[in-house]
Each structure stands twice: as C-alpha cells, then as structure tokens.
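Take a look at the structure below.
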Amino acid sequence: MNALAADLLRWYDANARVLPWRSNPSPYRIWVSEVMLQQTQVETVIPYFERFMQRFSNLEALAKANQAEVLQLWEGLGYYSRAHNLHKAAQLVLQKHEGQLPHTYAELLTLPGVGSYIASAIASIAFQQPFPTLDANCRRVYIRLLNLQAPLGTPALERKLGEYAEQLLPQERPGDFNQAVMELGERICTPKTPLCEQCPLQNICQAFAQGTQNSLPQRYAKPPVPHYTVTAAVITQDQQVLIAQRPANGLLGGLWEFPGGKLEPQDVSLEDCLKREIREELGLEITVEKEFGVYHHAYTHFKITLHAFLCTLLPGQSTDSLRHVRWVKPAQLTDFAMGKVDRQIARRLQQSPLPAP
DNA sequence: AATGCGTGGCG
DNA sequence: TCGCCAAGCAT
C-alpha cells in the first residue's frame, strides 16, 4: 500500500465519525445513504436516513411502498428525482435481481439514479471492490495535494484526477480509503479556511507548500441567477383548500402545491397573473379575495418572490374532471409532500382559521 | 456537453 | 444579506 493511503487510513481509523450507515453497513443502507448524500451534507442527511430506514428497513419494503409515501419521507431533502429513481430502482432490483443489489460496477450503473460516483461507492464500500470515488470532496483534496490550477470541470483536469485516484486507491480496504478521502475533505480539507494544521497529509500537500490552498479548487464564474415574481392561489371552499400535483418530472416533480405561476409581461397586476395562471392550468375562474403572505426562496438556478392569495371559485366552477387536484382540510396538508415555500403556506393555513363561508 | 435539479449552513 | 457550496445524475 502506498504511503499516502496508509497515512490516511491511520487517520481514518482514529478519527472516523460514527454514522448511521456505517453501523450495520448493508448494501441497501449504503445505497440509500449515497443517494441521499448526493449534493447534500452529512448533517442534513442523518435524520432523513434514520426516518427512511425506520419506515423502509429493507429493499423489499421500499419497493412495495407507495410513491407518495416515499416522496413524503423525502420532503425537504430536495432533488426529488432521487426519490423517484431510488424507488424505481428498488422495484427493478426486486423483480430482476431477486431483491439483491447487484455486485458489479457495470450492473450498478444501469440502475436509475446510480451514476459513476454511486456505483463506485457501493462497489467499494459495500462489496470491497477497488473502484475509486471522485466526488466534490475527493476532487478538492486531490487538486490541493497536486496544486492543480485548472478550473473544475475541464477535461484535462478530470482525466488527471481520475488517474490520480486510481493510482492512490489501495487494494485493501478500498471502501474505507474512499470514505477517508471524503471525510478528510469534509472535515479538514474544507472549501474555505481548511484546517491544514490538523491534516495528516500536510507534509505531502503541494498547495500547502505553495500557500495556495485557499484559492483551490478554481471554478468558472457562475452566471447570475434570474429573479421571478410568482403568484399562488389558496382556493378555499367549505373549509377545504385546493392543492395540485406537479408533473412527475422537472422542478419539484410529483410534489403538491398551491397552483399559480410566473408574472408575465402582459399581466397588469398580480391578481391578473393569478387569474390567468389558474385559467390556463386548471381551466377555473376565480375571485382573488385577499393577500396571504409574501415568500422569498432561492432555487439552484433562479430566485422567486411569491405572493399568495386567498381565493374562491366563481359560481358554477367544478374541479370534478381535474385528475391532479385535491380538496383537503388544512389539517390534512401534512399528508402531501410539498416544496419549502408551499409548505410554509400550508403551515400558515393550519395556524389561521379559514374564512367562514 | 451544457444545463436543470432543492435545500440548509456558513462566512 | 447574499453568494457559495455540498458523498452527482439525467438528458
């Protein structure tokens, strides 16, 4: 084993945190943890993982679950296609692999939601196979060790990182090595103000030697994010409110919301915007009664300011033919998975009585 | 291959 | 307050 791997594994053995997916590390638990950890930090994932495992303690339980319940347990974690893909993949494994997660990298890669990182992570951590992981932590650690100045994402850099990861990976304990690099990146070799004094690799780190660690890795500047004004309708009737389910794919796919949409140039007012959106999306005519809060939120690629309004249906309007809407009492809103803003609106509804008919 | 996809924590 | 960043994947 190379000296770097030996040093790092020694550090890991002495410092590795106790994490739920490290105790009782079944392939299923490791898989779920890796999907949840995608673009999401360890501290955020822990409570979600615990709840998920309590409800779906094995692959078969997950495969047989309702999609709605899976989504509900995922609410707040974001990137909801992960939940859809995980659920689909569990059903696929149950049908075609007799409930056993495949052992090979190539087979893992065919599962929906499993890409090169997660396939390597499962193969190495669950099945002790020598596949190097290359996530954001590993990239940062290797870029600093080698003092690489190229911006993230450039092909030459990616190739170099892949070769380096391959070269460092020990045949023994590949899964622990991968986790050690990631945990070093998360706790010591952090994006801002890394704790180089505590780093077991300080003496071989070229960025530390040059004093460049704080400016690595380099990135391309991100384009400015657009800001939209959005309206949402809280349509009430007989002490119930109308919610609508979003399309299965795309932003907040499959989640429930208070219907509405973006303010367009032709809208002369927020009220105008909301009436138009409800007409276009649901074919319903509404009366906009009263403001119900202003909400700010930042998604990955844009920001919104959302104006919610209490509304009522005009006489003669019916929702009977609409498949993706439900009338629910405020207390029931908890049963429907929602994004953050709509959940805030739902909570406010649960705290304030609806207007009397 | 460039872009869309959530949310929370941090400085 | 606000931009940055995170155990990436799909298309």
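Here is the naming used below: chain letters follow the sequence lines, and residue numbers restart at 1 for every chain.
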Across the strands shown, which category fits A/R22 at heavy-atom distances under 4.0 angstrom: base, sugar-phosphate, nothing?
base
Whole-Å distance between B/dT3 C1' and A/N249 CG?
16 Å
For a 4.0 angstrom threshold against heavy atoms of chain A, report the outermost contacting nucleotides of DNA chain C in 5' to 3' order.
C/dG3 to C/dA10
Main-chain N/O of A/L195 paired to A/R187 side chain as donor or acceptor, under 3.5 Å:
no
Where do A/V35 and A/R82 come nearest, in terms of heavy atoms and distance?
O-NH1, 3.0 Å
Looking at every heavy atom in both A/M182 and A/C138, which two are closest together, and how far apart are they?
CG-SG, 3.7 Å
Distance-minimising heavy-atom pair for A/P132 and A/L169
N-CD2, 3.7 Å
DNA chain C-proximal residues of residues 113-131 of chain A, any heavy atom under 4.0 Å:
A/G113, A/V114, A/G115, A/S116, A/Y117, A/I118
From OH of A/Y299 over to C1' of B/dG4, roughly how many Å is that when rounded to an integer?
14 Å
Select base, sugar-phosphate, or nothing to describe what A/L134 touches, counting heavy atoms under 4.0 Å on all strands.
nothing
Rounded to whole angstrom, note down the P distance from B/dC5 over to C/dA7.
22 Å
What integer distance in Å separates A/N85:CG from B/dC5:P?
15 Å
Please evaluate residues A/Y299 and A/F302 with respect to the criterion ring pair (Phe, Tyr, Trp, His ring centres under 6.0 Å), reporting the C-alpha separation (whole Å), side-chain torsions for both, the decisive distance (0.1 Å), and the verdict.
CA-CA 5 Å; A/Y299 296 96; A/F302 62 94; 5.0 Å; yes
Whole-Å P distance, C/dC9 and B/dG8
22 Å
Here the distance between atom C1' of B/dG4 and atom OH of A/Y80, to the nearest Å, is 15 Å
By the 4.0 Å heavy-atom rule, please label A/W74 as base, sugar-phosphate, or nothing.
nothing
A/E285: which residues meet the salt bridge (Lys or Arg N to Asp or Glu O under 4.0 Å) condition with it, sequence neighbours left out?
A/R279
Side chain of A/T300, base of B/dG4: donor and acceptor closer than 3.5 Å?
no
Could you give the CZ-to-P distance, from A/F302 to B/dG6, as a whole number of Å?
9 Å
Between A/L77 (CG) and B/dC5 (P), how many Å, whole number?
18 Å
Between P of B/dA1 and OH of A/Y220, the distance in whole Å
14 Å
Please write out each protein N/O paired with an N/O of nucleotides 8-11 of chain B under 3.5 Å, distance rounded to 0.1 Å.
residue	atom	partner	partner atom	Å
B/dG8	OP2	A/K340	NZ	3.3

How long is the line joining CE of A/M338 and P of B/dT7, in whole Å?
13 Å
Under a 3.5 Å cutoff, is there a donor and acceptor pairing between the side chains of A/Q350 and A/T334?
yes
Do the numbers put A/R173 on top of the ring of A/F177, so that NZ or CZ is under 6.0 Å from the six-membered ring centre and no more than 45° off the axis?
no
Residues two or more places apart in sequence or in another chain: which of them pass side chain to side chain contact (heavy atoms under 4.5 Å, CB included) with A/T229?
A/L263, A/L270, A/H307
Under 4.0 Å between any heavy atoms, over every strand shown, what does A/R140 touch: base, sugar-phosphate, or nothing? Just pick one.
sugar-phosphate
Considering only residues two or more places apart or on different chains, which pairs with a residue in residues 102-140 of chain A satisfy ring pair (Phe, Tyr, Trp, His ring centres under 6.0 Å)?
A/H103-A/F127, A/Y105-A/F131
